[in-house]
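Worksheet: the structure to be examined is printed underneath.
Every value quoted in this text rests on a predicted model; they were computed, and no experiment measured them. Every chain is numbered from 1 and lettered A, B, ... according to where its sequence line falls, protein lines coming before strand lines.
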Protein chains: 2
Amino acid sequence: MTIADVARKAGVSRATVSRVLNGQDTVDPVLAGRVRQVSRRLGYHPSAIAQGLARGASHTVGVVVPDLANPFFPEVVKALTVAAGKDGFSVVVADSDEDPEAELRLIQDVSRRVDGLVLCSPRAGIADLRRVVRKGLPTVCTNRMVDPPLTASVMIDSGRGMQAVIRHLTELGHRRIAYLAGPSSSSSNADRLGALERSLPGAVVIPTGSKSQEGYASAAAAAEAGATAVICFNDLVAFGALARLRALGVAVPGEMSVVGFDDIPAADFVHPALTTVRLPKAELGRRSWEVLRDQLGDHGAGASVRLEPTLVVRESTGKAIGATEDAVAVGERAGG
Amino acid sequence: MTIADVARKAGVSRATVSRVLNGQDTVDPVLAGRVRQVSRRLGYHPSAIAQGLARGASHTVGVVVPDLANPFFPEVVKALTVAAGKDGFSVVVADSDEDPEAELRLIQDVSRRVDGLVLCSPRAGIADLRRVVRKGLPTVCTNRMVDPPLTASVMIDSGRGMQAVIRHLTELGHRRIAYLAGPSSSSSNADRLGALERSLPGAVVIPTGSKSQEGYASAAAAAEAGATAVICFNDLVAFGALARLRALGVAVPGEMSVVGFDDIPAADFVHPALTTVRLPKAELGRRSWEVLRDQLGDHGAGASVRLEPTLVVRESTGKAIGATEDAVAVGERAGG
DNA sequence: GTGAAAGCGCTAACAG
DNA sequence: CTGTTAGCGCTTTCAC
């Protein structure tokens, strides 16, 4: 079932069928009607592949993410597909499973079949990235500092988020704070770590990860370290920490404050409701598309946008134990 | 930068370049080496579009989901992309945003650019589905009864899951049970509802939805209806219900048992840990790919596989209040 | 207004 | 083993 079949049945040339189906108004209405009817009756649908070849553009963009099972990414991808869809673009997604090697392979792979690419929080090293990102393929990179910039970028200022958290916590009198750190390959994690060490050199950093399981495993160490507040790499980790602290009999926020990052929907429904840094996920997806689309059009260099996170205070943070007006003393407590 | 450029620089024909790059062993090692070197130096990457046209297959499959922000689907999509990736296939995903109209449009759209399609829990009516599913395009449909079957299918037996829940609850002495129902367009919801009404004709059904917000809103009604146990359409809804019950001062599981469906990762970390029906999400994705791949190959009709859910009992369910050995009485209680 | 013809970049017979 | 020759299905000048 090709355009030729329609042309033959309708008694016109393939060019005419093409014109009609692409909405050109330079065709005799009678013929146009006949073509439309025939093509409908035959159930004809043009091959996007062939169109892609002929037009030199596939109207498809790729997005590669580290882990689609992490609630952060589906929201970004969703907003991106919806936005791109409105402009007639499809989105192919690739999941690298947090593996930098796989990520590089996927980038190259996907690059061969798309008009543009968005790299979501890529985990690969900068040198590797520079190697595989095709010069000439419109690309936007999210949540990943690359200096000098090799692509357009859309960032969320994680450092600012961390600062807001620290301010919040210190205002509550917390002096001993632990950070359950995310994957070392995560650039956002590095940003947060940087901000943390700058504002609070004495913070205890506990390598953790990005899943609840890992938060569960690490939370005890935070308690043992005498922290009165624990900042988690993301909400999932915070959920795990919350569960572990409960198991340990440590009251939240009474004895320990907990804060997350992301603000996934469930954060508002756990108990205690999680204080967290809201990252504008949907906006990240939308803006990524816009920035990419701009490059697709005028072939320009591509913008660099920076989005702001906002601290959402709920129930999991509270006054430090033993905190006084001008608290200096650290509320030491035995772990678990 | 096309295959012709490489051919010219390497002093061979395009066919030879093609052969080398596709790993055919029928080429003089010397030429092959030269070709590989030139193509690397030039940074040449074949266009997947052109290959697709020439080969008559794009090595891309589509998957359309109702809502990527619902944690059920990313896990399915992830497993699917990983499985397909291993066989050299890319996956384009489309998110219909729970809108049947949009879904139909997306199906047609995506169909034009892929070798195969998986419809994940499609929300459109059967008649519409029948209209847009392209005869001849390998397709698998998940979680959607279509009779007579118009495609291969991979189902999770939701009814069985519901039965297991009811058995569990009645063994605990519950007699008055409420169901916070999911979207009416959801086939799984219909299955669960069917099983519920068959096993427990007196159950109270409260139209709810698929999000925590909605569960939060509906939970009070369940309490007011005098239920001692509430079954939720999914874990997200259950999280909402849990939050509302806590706000209402209703103890779980002391005064009210709560169960969900899906078993998303967070279910094990909320408090109380959620009793839920685990749906094999990753397996659903993997099997969907396998069934699709089989059709891609031998052009066969496509299998019909059925996956079993399993009840995971955690902390949110317990003995009905006032339940006796042979409980008959209903534990009536005032709503919050 | 409409058709003929020339590709888009690649693969796959088919000769040699 | 390697090159030549046809296309894959569509779009798009360029004449008519």
Side-chain angles (χ1 to χ4, degrees), chain A residues 1-36 38-39 42-60 88 90 108-109 111-115 134 136-137, chain B residues 1-36 38-39 42-60 88 90 108-115 134 136-137 296:
Chain A
M1 173 83 300
T2 77
I3 202 174
D5 301 308
V6 179
R8 196 168 335 106
K9 289 265 182 193
V12 300
S13 72
R14 297 176 312 166
T16 296
V17 175
S18 174
R19 286 194 266 256
V20 172
L21 267 34
N22 289 304
Q24 287 189 267
D25 49 335
T26 73
V27 177
D28 184 320
V30 176
L31 285 195
R34 185 147 27 111
V35 166
R36 260 186 282 272
V38 170
S39 95
L42 261 42
Y44 168 74
H45 296 267
S47 151
I49 297 279
Q51 287 183 321
L53 222 211
R55 299 209 249 243
S58 62
H59 271 204
T60 300
S90 300
Q108 304 192 77
D109 225 68
S111 295
R112 309 196 308 109
R113 52 181 75 249
V114 299
D115 297 340
R134 286 256 269 298
L137 183 70
Chain B
M1 175 81 302
T2 77
I3 201 173
D5 300 308
V6 178
R8 194 166 338 102
K9 290 266 183 191
V12 301
S13 72
R14 298 177 310 167
T16 296
V17 176
S18 173
R19 286 192 268 254
V20 171
L21 269 36
N22 288 305
Q24 287 188 268
D25 48 336
T26 73
V27 178
D28 184 318
V30 174
L31 286 193
R34 185 149 24 114
V35 165
R36 258 185 284 270
V38 170
S39 93
L42 263 43
Y44 168 74
H45 297 268
S47 150
I49 297 278
Q51 287 183 320
L53 222 213
R55 297 207 251 243
S58 61
H59 270 204
T60 300
S90 299
Q108 303 191 78
D109 226 66
V110 170
S111 293
R112 308 197 306 108
R113 52 180 74 250
V114 298
D115 296 340
R134 286 257 270 296
L137 183 69
L296 255 27

Quick check for you: among [options], whose closest atom lies nearest to any side-chain atom of [X]?
| X | options | answer |
| --- | --- | --- |
| A:I3 | C:dC10, C:dT2, D:dC10 | D:dC10 |
| B:T26 | D:dT12, D:dT2, D:dG3 | D:dT2 |
| B:A54 | D:dG3, D:dG7, D:dC10 | D:dG7 |

Quick one, B:R113 with A:T60, criterion side-chain hydrogen bond (donor to acceptor under 3.5 Å, both in side chains). Give me CA distance, side-chain angles, the key distance, then yes/no. CA-CA 10 Å; B:R113 52 180 74 250; A:T60 300; 2.9 Å; yes

Write down the distance between [atom1] ([X]) and [atom2] ([N]), rounded to a whole number of angstrom.
| X | N | atom1 | atom2 | answer |
| --- | --- | --- | --- | --- |
| A:R8 | D:dG9 | CZ | P | 12 Å |
| B:M1 | C:dC8 | CE | P | 14 Å |
| A:I49 | C:dC10 | CD1 | C1' | 12 Å |
| B:L53 | C:dG7 | CG | P | 17 Å |
| A:R19 | C:dT2 | CZ | C1' | 6 Å |
| B:H45 | C:dG9 | NE2 | C1' | 15 Å |
| A:R34 | C:dT2 | CZ | C1' | 12 Å |
| B:R14 | D:dG3 | CZ | P | 12 Å |

Is the backbone of [Y] close enough, under 3.5 Å, to the side chain of [X] for a donor and an acceptor to pair up by distance?
| X | Y | result |
| --- | --- | --- |
| B:R34 | B:A10 | yes |
| B:N22 | B:R19 | no |
| B:R112 | A:P46 | yes |

Is there a side-chain polar atom (N or O) of [X] under 4.0 Å from OP1 or OP2 of [N]?
| X | N | value |
| --- | --- | --- |
| A:S18 | D:dC10 | no |
| A:T16 | C:dG3 | yes |
| A:S47 | D:dG9 | no |
| B:T2 | C:dG9 | no |

With a 4.5 Å heavy-atom cut-off, do A:L31 and A:V20 have their side chains touching?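 Contact flag for A:L31/A:V20 side chains = no.
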
Between A:L21 and B:S13, which residue's closest nucleotide on DNA chain D lies nearer the 5′ terminus? B:S13

Could you check B:R55 against B:D25 and say which one's nearest nucleotide on DNA chain D is further toward the 5' end? B:D25

